[in-house]
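Just so we're on the same page: letters track the sequence lines, and every chain starts at 1. Excluded from the calculations below are hydrogen atoms, water molecules and symmetry mates; all remaining heavy atoms, backbone and side chain alike, are included. Everything quoted here is computed from the prediction, not taken from an experiment.
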There are 2 protein chains.
Amino acid sequence: MSADCLKLDNALCFAIYSANHAITRAYKPLLDKHGLTYPQYLVMIVLWDRDGQTVGGIGDELFLESSTLTPLLKRLEAAGYVRRERDPKDERQVVVFLTQKGQELRKRLAEVPRQMLKAFGCGSAGMEKLRAEINAVRDNVSKAAPHLASS
Amino acid sequence: MSADCLKLDNALCFAIYSANHAITRAYKPLLDKHGLTYPQYLVMIVLWDRDGQTVGGIGDELFLESSTLTPLLKRLEAAGYVRRERDPKDERQVVVFLTQKGQELRKRLAEVPRQMLKAFGCGSAGMEKLRAEINAVRDNVSKAAPHLASS
DNA sequence: TGCGATTAAATCGTGCGCGATTTATATGTG
DNA sequence: CACATATAAATCGCGCACGATTTAATCGCA
């Protein structure tokens with residue numbers, strides 16, 4: 001538990017922090033002309049995979065709160081990509097559906113993953129391993145977070 | 001260049017995105033009582049390492065713009081952790097100095113890296129390798145970003 | 001059936017983060 | 001020296017992200 005080791009966790013956190021910003025900046029020119037931000041693109045990916053999810057369901061997949069998603073979904077709706085409807089079975093819930101335009105966007109953005117893939121500059125084997133390790137870190141940190149003492 | 005491969009880059013981007021949020025959430029209870037946010041903590045780390053840097057210098061280290069740093073530094077100043085002074089040699093630049101309170105904070109936050117280290121739940125060898133790989137991804141993406149066509 | 005507890009979204013206030021612009025200072029070239 | 005250019009920070013508008021709170025609907029249990 002040397003001083004180096006303590007610097008290491010700072011460095012790892014910062015690596016993730018700065019990589020996240022770099023990725024968001026890289027997506028921007030690809031998504032801009034369709035009027036999407038990267039978080040909005042993530043929501044679209046969730047809906048392309050399974051349409052008609054609730055706000056809470058989308059939040060579970062993306063680890064986001066309704067206070068983040070509600071305004072974001074309203075912007076997606078204003079852009080014409082989704083429709084928001086109260087669930088008649090349970091009026092507390094809001095179900096989000098893709099519009100025609102939202103479904104078509106999928107094909108129009110087909111180049112995006114290919115462009116990003118090139119930008120990564122590493123093989124898919126390495127990427128898969130990296131993804132798994134980062135997810136493991138995320139899950140460990142999430143699990144430990146509630147128990148962190150405020151010293 | 002299979003479909004799986006294309007999903008993989010989405011998945012890697014999302015892993016980094018969600019890990020970043022998880023880390024920020026984990027830091028929160030540790031920093032809250034000192035009135036710091038995680039980005040503010042990053043700025044303090046930069047200044048603890050080398051005091052008296054310009055806004056631009058801090059931005060170069062953290063990959064942040066003056067439009068992000070200026071208000072953040074004003075909040076750090078309001079909290080009494082830093083002092084901002086125009087450089088008499090070049091009045092365009094603003095140099096940021098730690099106050100006494102800002103220097104003392106370093107010791108008061110000594111537990112933070114140790115707490116986070118526990119939360120990671122992986123050995124330092126793995127962490128160092130992970131850090132290096134994520135930084136490589138960040139640098140690749142940053143370098144490639146300006147050349148990404150908007151299809 | 002009725003009413004407290006729970007659940008789902010939405011709302012509000014704060015702080016990041018950026019691109020585009022503005023303001024002020026410095027530099028360089030005639 | 002004068003004036004165009006360049007540079008550093010600050011400002012502005014927008015969108016994300018969260019915690020805390022509010023509103024509305026459902027559930028559970030006597």
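- Note: Tyr27(A) and Tyr41(A) have tilted aromatic rings, judged against thresholds of 30 and 60 degrees for the angle between ring planes.
- For Ser67(A) against dG19(D), a side-chain-to-base donor-acceptor contact under 3.5 Å is present.
- Between dA9(D) and Lys74(B), no contact under 4.0 Å exists linking OP1 or OP2 to a side-chain N or O.
- Side-chain N/O atoms of Thr68(A) include none lying less than 4.0 angstrom from OP1 or OP2 on dA17(D).
- Between Phe63(A) and Tyr17(B), the ring center distance fails the sub-6.0 Å criterion.
- In this structure, Leu73(B) places its CG atom 10 Å from P of dC16(C), rounding to the nearest Å.
- Contact annotation: Lys89(A) does not reach the phosphate of dA8(C) (side-chain N/O to OP1 or OP2, under 4.0 Å).
- Among the nucleotides dA17(D), dG17(C), dA10(C), the one closest to any side-chain atom of His21(B) is dA17(D).
- Side-chain proximity of Arg84(B) to dG15(C), dA10(D), dT25(C): nearest is dA10(D).
- Contact between the side-chain N/O atoms of Thr24(A) and the OP1/OP2 oxygens of dG17(C) is not found at any separation under 4.0 Å.
- What separates CD of Glu77(B) from C1' of dG15(C) is a distance of 17 Å, to the nearest Å.
- To the nearest angstrom, P of dT11(C) lies 14 Å from CG of Leu69(A).
- In the set dC16(D), dG17(C), dT11(D), the nucleotide with an atom closest to the side chain of Tyr17(A) is dG17(C).
- Contact between the side-chain N/O atoms of Tyr41(B) and the OP1/OP2 oxygens of dG15(C) is not found at any separation under 4.0 Å.
- What separates CD of Glu91(B) from C1' of dA9(D) is a distance of 12 Å, to the nearest Å.
- Look at CG on Asn20(A): it is 16 Å from P on dC16(C), rounded to the nearest Å.
- Distance from the side chain of Asp90(B) is smallest for dA26(C) among the nucleotides dA26(C), dA17(D), dA25(D).
- Taking a cutoff of 4.0 Å between a charged side-chain nitrogen and a carboxylate oxygen, Glu104(B) and Arg106(B) do not qualify as a salt bridge.
- The side chain of Leu72(B) lies closest to dC16(C), out of dC16(C), dA9(D), dG15(D).
- Remark: Tyr38(A) is not in phosphate contact with dA17(D), judged by side-chain N or O atoms under 4.0 Å from OP1 or OP2.
- The side chain of Arg86(B) sits closest to dA9(D) out of dA9(C), dT26(D), dA9(D).
- Within 6.0 Å of NZ on Lys143(B) lie no more than 12 heavy atoms contributed by other residues, nucleotides or ligands.
- Of the candidate nucleotides dT26(D), dA8(D), dC16(D), dA8(D) has the atom lying nearest to any side-chain atom of Gln93(B).
- Contact between the side-chain N/O atoms of Ser66(A) and the OP1/OP2 oxygens of dA9(C) is not found at any separation under 4.0 Å.
- For Glu65(A), counting side-chain heavy atoms from C-beta on, the closest listed nucleotide (dA8(C), dG19(D), dG15(D)) is dG19(D).
- Among the nucleotides dT25(C), dG17(C), dG19(D), the one closest to any side-chain atom of Lys28(B) is dG19(D).
- A salt bridge does not link Arg131(B) to Glu133(B): none of the charged side-chain nitrogens sits closer than 4.0 Å to a carboxylate oxygen.
- The phosphate of dG15(D) has neither OP1 nor OP2 within less than 4.0 Å of any side-chain N or O from Thr37(A).
- An OP1 or OP2 oxygen of dC16(C) is reached within less than 4.0 angstrom by a side-chain nitrogen or oxygen of Gln40(B).
- A distance-only check finds no donor-acceptor pair linking the side chain of Thr54(A) to the backbone of Val94(A) [under 3.5 Å].
- Mapped onto DNA chain D by nearest heavy atom, Val55(B) and Pro71(A) fall at different nucleotides, with Val55(B) at the one closer to the 5' end.
- In this entry the distance linking CG of Leu36(A) with P of dG15(D) reads 12 Å, nearest Å.
- Distance Leu76(A) CG to dG15(D) C1': 12 Å, rounded to the nearest Å.
- The separation between Leu31(A) atom CG and dC16(D) atom C1' is 15 Å, rounded to whole Å.
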- Item | From CA spacing to verdict: salt bridge (charged side-chain N to carboxylate O under 4.0 Å, His left out), Arg84(B), Glu77(B) | CA-CA 7 Å; Arg84(B) 293 157 65 243; Glu77(B) 187 172 43; 3.0 Å; yes

